[in-house]
Amino acid sequence: MSLAELESLAYKLCNLSQLRQLHAHLLVKLSLHHHTQCQWVSLLISQCTRLRAPPSYTRLIFHSMPRPNVHVFTSMFKYYSNSNFNLGGSDQVASLYRQMQQRSDLTIGTFVYPVLIKSASSAGIQFHAHVRKLGLASDHYVRNAILAFYAKYGPVEHARYLFAEMHDSTLADWNNMIFGYWKWGNKDDACKLFDMMPERNVVTWTSMVTGCARIKDLDNARRYFDQTPLKNVVSWNAMLSAYAQNGCPEEALRLFDDMMNSGDQPNETTWAIVISSCSSCGDCSLADSFVQKLNQKQIHLSYFSKTALLDMYAKRGSLPTARQIFDELGAYRNTITWNAMISAYTRVGDLASARELFDKMPQKDVVSWNSMISGYAQNGQSALAIDLFKDMINAADGLKPDEVTMVSVISACGHLGALDIGNWVISIVRKHHIKLSVSGYNSLIFLYSKCGSMEDAKMTFQEMKTRDVVSYNTLIAGFAAHGHGMEAIKLLLKMKGEFIEPDRVTYIGILTACSHAGLLEEGWKVFESIKAPDVHHYACVVDLLGRVGKLDEAKEIIDGMLKEPHAGVYGSLLNASRIHKRIDLGEFAASKLFELEPHNSGNYILLSNIYASAGRWDDVVRVRESMRKIGVKKATGWSWVEYKGKMHKFIVGDRSHERSEDIYRLLAELGRKMRNAGYMADKTCVLRDVEEEEKEEMVGTHSEKLAVCFALLVTDAEAVIRVVKNLRVCWDCHTVIKMISKLEGRKIILRDNNRFHCFSDGVCSCGDYW
DNA sequence: CTAGGGTTAG
């Protein structure tokens, strides 16, 4: 068989098993001339590149040659530079080059260097000095490869010097310069160069399209695309991805239709973009019809677009299908495939399966860590998210966290109220010079707000050059939790002044802030200005009216609602009924709530508290009885404090904490002190013994007392005690902590799931709350 | 022989 015959045969192969057959067939005949053998093996390796064969197989072919010539080496370099597998590329390329150098029978021609430079540069290996020493730097192709290296990996200034020195630059050099300027955010120079170019080709135009897309300038991207003479599939793909990556998947799909009518044939890249656009549109049927069409036309998707397909099934919740694709990919899986599967699991909350894959995967990149960390963070496992982040920092593979990591970890710290850990995380942001974007700053605002440092939250907000609606919403929610109503309203005015449109979350924050601050009129005005209030806004306004005692007005609002009220609305009314001792409305709200959420213990407790405050003890017993009958268990309350970078969690009845003995001793001592000081004004306001609480089935009620006692034991007198509780703080505990703050002269900040309580000298900042 | 497009995480 001649080489030409073999070539035409090889390029007809369309999958790996056909390649294997050909390989086996050739092995039989490998008794030929060494030169012919080399030609054959090079051909096979370039087929590996084309068919994206896994590295193990490609290396097998390479090693089947005893003394490969320069062409065989070169095809291996090409394989490495075109492959998307995680190959540990640097080691491979470097060792191949070393092997070549050691072979005295080889003459390394100049043509090897451009491809060598390209394949090594993705691993950060520079050949600039080396090829200069060899006297090759003046070769057009070598020179271009070096220019491309600096354009891609920076510093782009080096590319600029090289380019300026050239007196015979080629179109490829110009194109690389344009690419480099866009890549490093230098729009002006890119455009300047484009305008003065002696000639342009489709590559030039496509670079401009992609450059504009990078800065989200879709109009100009489209303009360059439309002006492109002689478009090809890459031009179309560039424009498609411009839409897809800037949140316009519908537009991408529209353009895809144009493409189908244009006569240009889509390729793998096109399918990947289109499939991912379908999944971001959330249009399952569209995606299904695509898959069907592909099957009809017998188009074989490569591992690359199969990852997009996997993700699409995962996003619509078809996890078994996604997993099937993942399993079928076998040796074709790369890091991105693994990452996609991991986030598929975290999305549905299956953290165990996600973690199993995470631990098993052969190579992790930043996205792998980020997927797992954010998976924990978004499924309420903040502590695990932080632990995994620590593992990431200490891991041997030396991966640097990026902004995405930081956003997840910082917000996890916020959820926990872990300010010390949060500050440590911020120090890492500085150490690695991680540039924060709007969402990075938003996460900082969230952290500070959740940790009670409103000054820092405000300062961060003011430092931001651009803010989005989330920035405002986060700070507003912070003010709301602290009861700073006017500050929240000022922010609403400010955001309107900056032409940022408030959304439903904004209004929930504002109404909550007004309600906590007792700003009835202001809140009511805001509520009336909401164009289409939803149930949450109604719940807020019922709370607003209810807290100031306008319960009948609140009831009227409920009766006038167009939509069916949800539990939150009645919950607000029930809580207000408790504050203002309105048994009639309390019973009404409770009856609705018992229908809507029969297993929410909070409603029963609130109702029984209403009866208790009216001295109707028979009814208290009746409510407790019905709880027992229905099988409603009081939700477990827990509290935690941060101490020396660790979270210390407390649940009443659990004595596993190492300082438990001391904590309970201090608790008893404080109880005695209070009784002696005569703080027994109310009989519900007793610092009860734990055993007694357990008997009364009050387990979990006062975990915050344990946390406060622990902090009293371990911190010095000046330190502010910060405690977080997962549920709402109950009334007698609130009173007790007020007393502790007076007796011990300590400042205590208690955050519950509703708001902040800042205790100092026997007074709480939310004085109007109870 | 170069140069432009692709899947995953907040």
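Residue numbers start from 1 in every chain, and the chains themselves are labelled A, B, ... in the order their sequence lines are given, proteins ahead of strands.
By the salt bridge (charged side-chain N to carboxylate O under 4.0 Å, His left out) test, A:D359 pairs with A:R355, sequence neighbours left out.
Between the CD1 atom of A:I275 and the P atom of B:dT7 there is a distance of 11 Å, given to the nearest Å. Note: CZ (A:F256) to P (B:dG5) measures 20 Å, nearest angstrom. Atom C1' of nucleotide B:dC1 and atom CD1 of A:I146 are separated by 16 Å, given to the nearest angstrom. The CE-P distance, from A:M208 to B:dG5, rounds to 14 Å in whole Å. Atom CG of A:L162 is separated from atom P of B:dT2 by 20 Å (rounded to the nearest Å). Between the CG atom of A:D173 and the P atom of B:dT2 there is a distance of 13 Å, rounded to whole Å. The NE2 atom of A:H140 sits 15 Å away from the P atom of B:dT2 (whole-angstrom rounding). For the pair A:L301 CG and B:dG6 C1', the computed distance is 13 Å after rounding to whole Å.
One donor-acceptor pair, N or O on each side, does fall under 3.5 Å between the base of B:dG10 and the side chain of A:E403. Taking only distance into account, the side chain of A:N370 meets the base of B:dA9 through a donor-acceptor pair shorter than 3.5 Å. Checked by distance alone, A:N232 brings a side-chain donor or acceptor within 3.5 Å of a matching partner on the base of B:dG4. Between the side chain of A:N267 and the base of B:dG5, a donor-acceptor pair under 3.5 Å is found.
Across all strands, A:E268 comes closer than 4.0 Å to base atoms (heavy-atom distances). A:S371 comes within contact range of the sugar-phosphate backbone alone, with a heavy-atom separation under 4.0 Å but no base atom that close. The residue A:V202 sits close to a base: some heavy atom pair falls under 4.0 Å. Residue-level contact check: A:D311 touches the backbone only, with heavy atoms under 4.0 Å from sugar-phosphate atoms and none from bases.
Look at A:S241 and you'll find a side-chain N or O under 4.0 angstrom from OP1 or OP2 of B:dG6. Proximity of A:R143 to the phosphate of B:dT2: no side-chain N or O atom is located under 4.0 Å from OP1 or OP2. For A:K118 and B:dC1, the shortest distance from a side-chain N or O to OP1 or OP2 is not below 4.0 Å. A close approach under 4.0 Å does occur between a side-chain nitrogen or oxygen of A:K152 and OP1 or OP2 of B:dG4.
Between B:dA3, B:dG10, B:dG4, one nucleotide has an atom nearer to the side chain of A:S235 than all others, and that is B:dG4. Side-chain proximity of A:Y141 to the nucleotides B:dG10, B:dG5, B:dT2 is greatest for B:dT2. Proximity note for A:T307 (side chain, C-beta onward) versus B:dA9, B:dG6, B:dT7: the nearest is B:dT7. When each of B:dG6, B:dA3, B:dT7 is scored by its nearest atom to the side-chain atoms of A:S302, the top-ranked nucleotide is B:dG6. If you check B:dG6, B:dA9, B:dG5 against the side chain of A:K315, the one that comes closest is B:dA9. Closest to the side chain of A:N144, from the set B:dG10, B:dT2, B:dG5, is B:dT2. Distances were taken from every side-chain heavy atom of A:T269 (C-beta onward) to each of B:dT2, B:dG6, B:dG4; the shortest belongs to B:dG6.
A salt bridge links A:D327 with A:R323: at least one charged nitrogen is closer than 4.0 Å to a carboxylate oxygen. Ion pairing of A:K192 with A:D189 is present here, as a side-chain N (NZ or NE/NH1/NH2) and a carboxylate O approach within less than 4.0 Å. Using a cut-off of 4.0 Å between Lys/Arg side-chain N and Asp/Glu carboxylate O, A:R223 and A:D217 are scored as not salt-bridged.
The cationic group of A:K306 does not satisfy the cation-pi geometry with A:Y303, failing either the under 6.0 Å distance to the six-membered ring centre or the 45° limit from the ring axis. In this structure, A:K118 forms no cation-pi arrangement with A:F77, as its terminal cationic atom is not both closer than 6.0 Å to the ring centre and no more than 45° off the ring axis. The side-chain tip of A:R467 points at the ring of A:F461 from less than 6.0 angstrom away and within 45° of straight on.
You'll find the side chain of A:M166 reaches within 4.5 Å of the side chain of A:F163, heavy atoms only.
The strand DNA chain B forms no stems, meaning no runs of 3 or more Watson-Crick or G-U wobble pairs with distances below 3.5 Å.
Relative ring orientation between A:F127 and A:Y97 is described as perpendicular, the plane-to-plane angle rising above 60° on a 0-90° scale split at 30° and 60°.
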